[in-house]
Amino acid sequence: MSQQPATDAIRRTPLHAEHVLLGARRSPFAGYDMPVFYTSIYEEAASVRTACGVFDVSHMARIEFSAADEAFLRKLLTCNVKKIPGGAGLYALILNEEGGILDDVILYRKSSGDFLLVVNASNRQKILRWMESRGGRGKDQTDRTAMLAVQGPRGEEALARQIPDCKSLFYFDAKDFEWPGIGPVWISRTGYTGEDGFELVMPAEAGPKIWKWLVNAGKVTPCGLGARDVLRIEAGYSLYGSDMDESVSPYDCGLAFAVVPGCGFIGEECLKSRPVRRRLVGLDAGVSAAGVMRHGFEVLAAGEKAGVVTSGVYSRTLSKSIAFASMDARVAADLGLAVNIRNRPVEVVAGSRRFLKGRVKSRRPR
Amino acid sequence: MSIPGDLKYTKDHEWLRLKDGAGIVGITRHAADQLGDIVFVDLPAAGKEVKQFEAVASIESVKAVSDIYAPLSGKVARVNAAVASKPELVNSHPYDDGWLIEISPSRPDEVSSLLSASDYESLIRGK
């Protein structure tokens, strides 16, 4: 008897044909055939920092919950769900019972009372199973929708040509809008680049129409995952799988800000007593170093192994190699550090992971 | 993609231009495109002795590090300082401003073991 082999066919987002049309260099990511770049990673990154770029982020999972599911979401997430106002979102973590990180997510409360949870593409099945096993009743809307990230100082100007009211959104605000001639689009003022920007969710078939407007009439630069990785490291944003995984707690990897003790989330008890073994630092190799610090490279303190690089890139904006590294928490912070780049120790300075100052549109402090 | 007819090639995607007894070496457009954005170029010191098809330099792109192999044996006469500070030249101008190394060949007969433009084209088409 012959058996059909299980096919792990690569998935495509609703924008796939657009990437092919533009001649993108593509690569599999989280099971999806994704654009890495269209012209050049650095040209695309530069356009986000100076003008505006658009990313297809449809591969990320989008899960809907009803207002009645709030109690479950409060149990699931480390943020203070109660305090999220209608029309806003909040960054949070999902922890396992030991306090290890299962995913980093954003939860939005819509003005209707329903919720939207945005989950990393690589964790979609894991999180769906986790939630189901703990009484969650979310509806996975990923395949029915598309998602685009419009990022850069000229993003508002471009988007406002079709949706003038997008100007009313401040950082982490989110609202339903109508794109003239296309249909409903939900927009949040969020992003993963450190620039002002928006993330748009629309029905799958509307995705290519909105993309086409942005790229043609909107004169927004198509940008791939290569640029996305450079931008997020420059801005100090972590990536699940590279900078954290289930083996670390939020306190081990610089994500304490996403945890609000006292909210009664899964993992909270363990987190209180769990020793903090590591910390996540930024590493700066300076302008004279000649090599990229890559995930897995050893970090030495006074010649002894003291940590490991978790993410790294060459930043053309800053003209230097930068990285995040997970350091043994017992190692003194002021020891001379070096990264082993292919058997050659390169001196680095540890500091903030935020290599570039963010330019998001925050509300003025009251 | 046009492959300059006046150059010689290696199967590892280096090109060689022989000019007044000097051998200028770079990587092909095909290679530069495959690498993607180049961020560092590690070139040898002038005076270094090199042997045909041995690793003589390396190029790091966002993706990975690749070794560059000498098309001819000889001595490194000079290297392109411009690509050290602007590695993106290798992506934009692989056959001229993005040249890498100049070799004074010690065994010019080694040229016969290199590929012609049409041989190189067949090689990359076949891939």
Side-chain angles (χ1 to χ4, degrees), chain A residues 23-29 34-48 223-234 239 242 285-297 309 311-323 339-344 346, chain B residues 1-2 12-13 26-46 48 54-69 76 78-101 124-125 127:
Chain A
R25 179 75 54 86
R26 305 188 319 264
S27 204
F29 181 81
M34 295 301 288
V36 178
F37 63 87
Y38 301 84
T39 57
S40 128
I41 288 176
Y42 290 108
E43 275 179 26
E44 292 163 26
S47 62
V48 170
C223 297
L225 295 184
R228 191 165 164 80
D229 198 42
V230 171
L231 293 162
R232 67 101 183 162
I233 293 174
E234 289 174 343
L239 174 65
S242 291
V287 294
S288 52
V292 176
M293 297 181 277
R294 298 186 188 266
H295 178 87
F297 284 10
V309 174
S311 289
V313 280
Y314 178 74
S315 164
R316 202 164 275 172
T317 309
L318 299 167
S319 299
K320 57 188 176 186
S321 276
I322 55 177
V339 172
N340 204 336
I341 299 183
R342 291 184 301 285
N343 292 322
R344 221 177 15 127
V346 172
Chain B
M1 193 189 309
S2 73
D12 290 309
H13 313 287
I27 63 167
T28 63
R29 179 165 288 292
H30 173 87
D33 285 353
Q34 287 305 303
L35 288 170
D37 291 70
I38 291 165
V39 291
F40 293 108
V41 181
D42 191 9
L43 300 175
K48 183 177 161 80
E54 278 192 354
V56 68
S58 69
I59 287 187
E60 180 156 26
S61 69
V62 174
K63 215 166 58 172
V65 180
S66 294
D67 283 326
I68 307 302
Y69 303 94
V76 176
R78 60 190 182 117
V79 298
N80 187 354
V83 300
S85 50
K86 276 195 84 184
E88 54 267 38
L89 278 175
V90 182
N91 291 110
S92 62
H93 295 84
Y95 297 113
D96 40 75
D97 292 346
W99 68 274
L100 299 174
I101 302 167
I124 60 177
R125 292 272 158 83
K127 278 210 161 120

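Just so we're on the same page: letters track the sequence lines, and every chain starts at 1.
Residue B:S85 does not touch chain A at all, counting heavy-atom pairs closer than 4.5 Å. Contact annotation for A:Y314: only side-chain heavy atoms (C-beta onward) come within less than 4.5 Å of a heavy atom of chain B.
A:R344 CZ to B:D42 CG: the interatomic distance, rounded to the nearest 0.5 Å, is 6.0 Å. If you take NZ on B:K63 and CD1 on A:I41, they are separated by 9.5 Å, rounding to the nearest 0.5 Å. Atom-to-atom distance recorded for A:S40:OG and B:D33:CG is 11.5 Å, nearest 0.5 angstrom.
No side-chain heavy atom of A:E43 sits under 4.5 Å from any side-chain heavy atom of B:E88. For the pair A:Y42 and B:V62, the minimum side-chain heavy-atom distance is below 4.5 Å. Annotation: side chain of A:V292 is in contact with side chain of B:V39 (closest heavy-atom distance under 4.5 Å).
B:D37 approaches A:R316 most closely through the heavy-atom pair OD2-NH1, 4.5 Å.
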